Amino acid sequence: METQFYVHLDFPAAACVLARLSYSPDTPHCVEVTFDLGGDHAPVMWTLGRELLRDGLSGPAGMGDVQIEPTDLPSHTLRLRLDSPHGTAELSLPGQALGDFLRRTAKAVPYGREAEMPGFLTNLDRALASMLAEPC
């Protein structure tokens, strides 16, 4: 399942960016987010925890490379901070659109029941093997 909406890139430079969110029951804990920066820039993809995004709807969530929290800006606005070796980005995104998307994912795979999905352990084993095969 997918959705897309525009987010506001607040840092390092102000811009309006298209965000595409994708969810698959094959990877039930994850939401893939692709930011289309436009122009000559390649799209940027992040894999975010579905529960982290859900928790960020109501309060600060995340401690590492991904942090999300509601803001004092217009109602239902969230601030998302992404840190990578290439830099930091801070974005404002519509909480209502994210909440709607996460509710649809919960209908497909209820929270807490991800491990019951067919093929979950096979996909988990494949993902772990891929991570362990990459050099540090």
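Treat the numbers as computed from the prediction; the structure is a model and nothing was measured. Heavy atoms only: backbone and side chains are in, while hydrogens, waters and symmetry mates are out.
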Next on the checklist: Given 3.5 Å as the limit, does a donor-acceptor pair link the side chain of Tyr6 with the main chain of Ala19, or not?
Outcome noted: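 Side chain of Tyr6 to backbone of Ala19: no pair is present.
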
Would you call [X] and [Y] a side-chain contact if the rule is heavy atoms closer than 4.5 Å?
X	Y	result
Leu98	Leu57	yes
Leu37	Val44	yes
Thr3	Arg104	yes
Leu18	Phe5	no
Leu53	Ile68	yes
Arg81	Phe11	no
Pro94	Gln96	no

With rounding to the nearest 0.5 angstrom, report the [atom1] to [atom2] distance, [X] to [Y].
X	Y	atom1	atom2	answer
Leu21	Thr34	CG	OG1	8.5 Å
Asp83	Glu90	CG	CD	8.5 Å
Trp46	Cys30	CH2	SG	13.5 Å

Next on the checklist: side chain to side chain contact (heavy atoms under 4.5 Å, CB included) for Phe101 and Glu2? Distances and angles first, verdict last.
Outcome noted: CA-CA 8 Å; Phe101 176 74; Glu2 293 187 351; 5.6 Å; no

Item to check | More than 12 heavy atoms of other groups within 6.0 Å of Arg79 CZ | outcome: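 Counting neighbours around CZ of Arg79, 12 or fewer heavy atoms of other residues, nucleotides or ligands fall under 6.0 Å, so no.
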
Checklist entry - Cationic tip of Arg50 within the cone over Tyr111's six-membered ring, i.e. under 6.0 Å and within 45° of the normal? => result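 Checked: cation-pi criterion met.
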
Item to check | Identified side-chain contact (heavy atoms from CB on, under 4.5 Å) counterpart of Val7 within the set Leu80, Leu78, Val33, Leu91 | outcome: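 Passing option: Leu91.
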
Next on the checklist: Among Thr77, Leu9, Thr71, exactly one meets side-chain contact (heavy atoms from CB on, under 4.5 Å) together with Ser92. Which residue is that?
Outcome noted: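 So the option named by the test is Thr77.
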
Checklist entry - So, for Pro60 and Pro70, which heavy atoms are closest and what is the spacing to 0.1 Å? => result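 Distance-wise, the nearest heavy atoms are N-CD, 4.2 Å.
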
Item to check | From CA spacing to verdict: side chain to side chain contact (heavy atoms under 4.5 Å, CB included), Leu52, Val66 | outcome: CA-CA 9 Å; Leu52 174 79; Val66 179; 3.4 Å; yes

Item to check | Distance-only polar pair, side chains of Gln4 and Arg20, donor-acceptor under 3.5 Å | outcome: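 The answer is yes; a qualifying pair exists.
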
